[in-house]
Amino acid sequence: MANKRDYYEVLGLSKGASEDEIKKAYRKLAKQYHPDINKAPDAEAKFKEINEAYEVLSDPQKKATYDQFGHAGMDGFAQDGFSQGFGGMNMDDLSDIFSEFMGGMGGGFSGFNFGSRSSSRRTGPIKGDNRYMSMDIDFLDAVHGVDKLINISVDKMCTYCDGTGAATKADLETCPTCRGSGRVMRQSRTAFGVFSQQSVCPDCRGTGRHVKKICPHCGGQGYNNVKEQVEVSIPAGINTGQQIRLQGYGERGENGGPNGDLYIEINVRAHKHFQRDGNNIYITVPISSVDATLGTKVDIPTAYGDVELTIPAGTQPGQQLRLKGYGIKDMRTSNMGDQYVRVEVEIPKKLTREEKELYEKLANRKKESVFEKFKKNFK
């Protein structure tokens, strides 16, 4: 996965390219690198890469998933025959391409077999697509971890017929139309000759099997839609954007294949006072000018309860003090981050008579004010 190039880069496009731009770029590159035309050693590999990129970006659902999750979001999609010739193009596209290949020469083509996207459909088990959802959790739940119950509607294989859709094993036979292949051949006559094209068997829908009597428990579908309440364990230290995987809760598989998976993306709500940076927590606390000058001890709120912190004498506004080990646990190493306390010194706007007298006495005892020292050094 890590070695795959960005699909937009493969087609020479920028993210957000239109459907017409994607199609135009694909047609140009497909003609350039098709191994029947281009005999370079790397032509076939490039052609497969181009087809794979087009297969995703030309499909609205796959494109939306890829734009959000990148290559990781493609794990659950059953790839519809990347590198299957010009499978992503219609007959008009093929006519244009071969017209350019032949340079306008006369003559036709017969016996060419171009597989459509659906022709690559397998009759064996196919895993279902992945599903995606998001979940909001509180800041402290992300710090400590939490179990959440969610309601999920999911298609599950019918246990009575094992996903075949038949009432009994004797009611399951080979499809007479496609003879078990799941595909049928059709021919199209064009100006270039006769083209043979494979497509999914309309009678068995690609399964290669015919059901004489359907299963009474699933109505011949091979699956039942059930609603479940599932417990999701959210680990301590999780952060916004990280995902949790629930195996088997994605889209249903085909031909007895397993379900895809459900990926839950976490969004951590902001806290009123705590702020997170990596595995560290930051908080700003107010203290009086007297406490900042003389020093004091205060009980600081943390994600784990109040912790006593010594404010040293002469603490300056904006100064940060550390509470080691009171941050967030790293999900990979289990090492704990720290909590940093930013001190905000508050100057009183109103004084009692006694407080005012004390401040005046303090001011009169000083021979030189702080500002006067600044002015003297300034000169």
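The residues of the chain are indexed from 1 along the displayed sequence.
Counting all heavy atoms, side chain and backbone alike, F139 lies closest to V268 at CA-CG1, 3.7 Å. Minimum heavy-atom separation, A53 to L11: CB-CG, 4.0 Å. The two residues V143 and A236 have their closest heavy-atom pair at O-CB, 3.3 Å. Contact detail for I244 and P235: the closest heavy-atom pair is CD1-CD, 4.1 Å. Here the shortest heavy-atom pairing between N259 and R252 reads OD1-CA, 3.1 Å. Contact between C178 and V184 at its shortest, heavy atoms only, is CB-CG1, 4.1 Å.
Judged by distance alone, with hydrogens and angles left aside, the side-chain atoms of D138 form no donor-acceptor pair with the main-chain N or O of D141 at under 3.5 Å. In terms of modelled atom types and a separation under 3.5 Å, the side chain of Q221 and the main chain of C218 share no donor-acceptor contact. When atom types are taken as modelled, the side chain of D171 and the backbone of V211 share no donor-acceptor pair closer than 3.5 angstrom. Between the side chain of T296 and the backbone N or O of A292 there is no donor-acceptor pair closer than 3.5 Å.
V146 and I150 end up in the same hydrophobic cluster when Ile, Leu, Val, Met, Phe, Trp and Tyr side chains are linked at under 4.5 Å. Criterion: ILVMFWY side-chain heavy atoms under 4.5 Å apart, direct or through other members. Under it, M133 and I266 are part of a common hydrophobic cluster. There is a path of hydrophobic side-chain contacts, each under 4.5 Å, that joins V226 to I152. Follow the hydrophobic side-chain contacts under 4.5 Å out from I347 and you reach V343 in the same cluster.
Around the CZ atom of R269, the shell of radius 6.0 Å holds more than 12 heavy atoms that belong to other residues, nucleotides or ligands.
For Y66 and Y7, the distance between ring centers is under 6.0 angstrom. For Y26 and Y54, the ring centers are positioned less than 6.0 Å apart.
Salt bridge present: D67 and K63 bring a charged side-chain N and a carboxylate O closer than 4.0 Å. We find that K48 and E44 are joined by a salt bridge, their nearest charged nitrogen and carboxylate oxygen being less than 4.0 Å apart. Using a 4.0 Å cut-off between a side-chain N of Lys or Arg and a carboxylate O of Asp or Glu, E49 and R5 qualify as a salt bridge.
Listed by first and then second residue, the ring-ring contact (aromatic ring centres under 6.0 Å, His included) pairs involving residues 143-166 are H144-Y304, Y160-H217 (not counting sequence neighbours).
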Where do K127 and D261 land on the salt bridge (charged side-chain N to carboxylate O under 4.0 Å, His left out) test, with the steps shown first? CA-CA 10 Å; K127 184 179 180 180; D261 301 325; 3.6 Å; yes
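Residues satisfying the side-chain contact (heavy atoms from CB on, under 4.5 Å) test with P312, not counting sequence neighbours, are T315, L321.
When each of I283, D338, I300 is checked for a side-chain contact (heavy atoms from CB on, under 4.5 Å) with L323, only I300 meets the rule.
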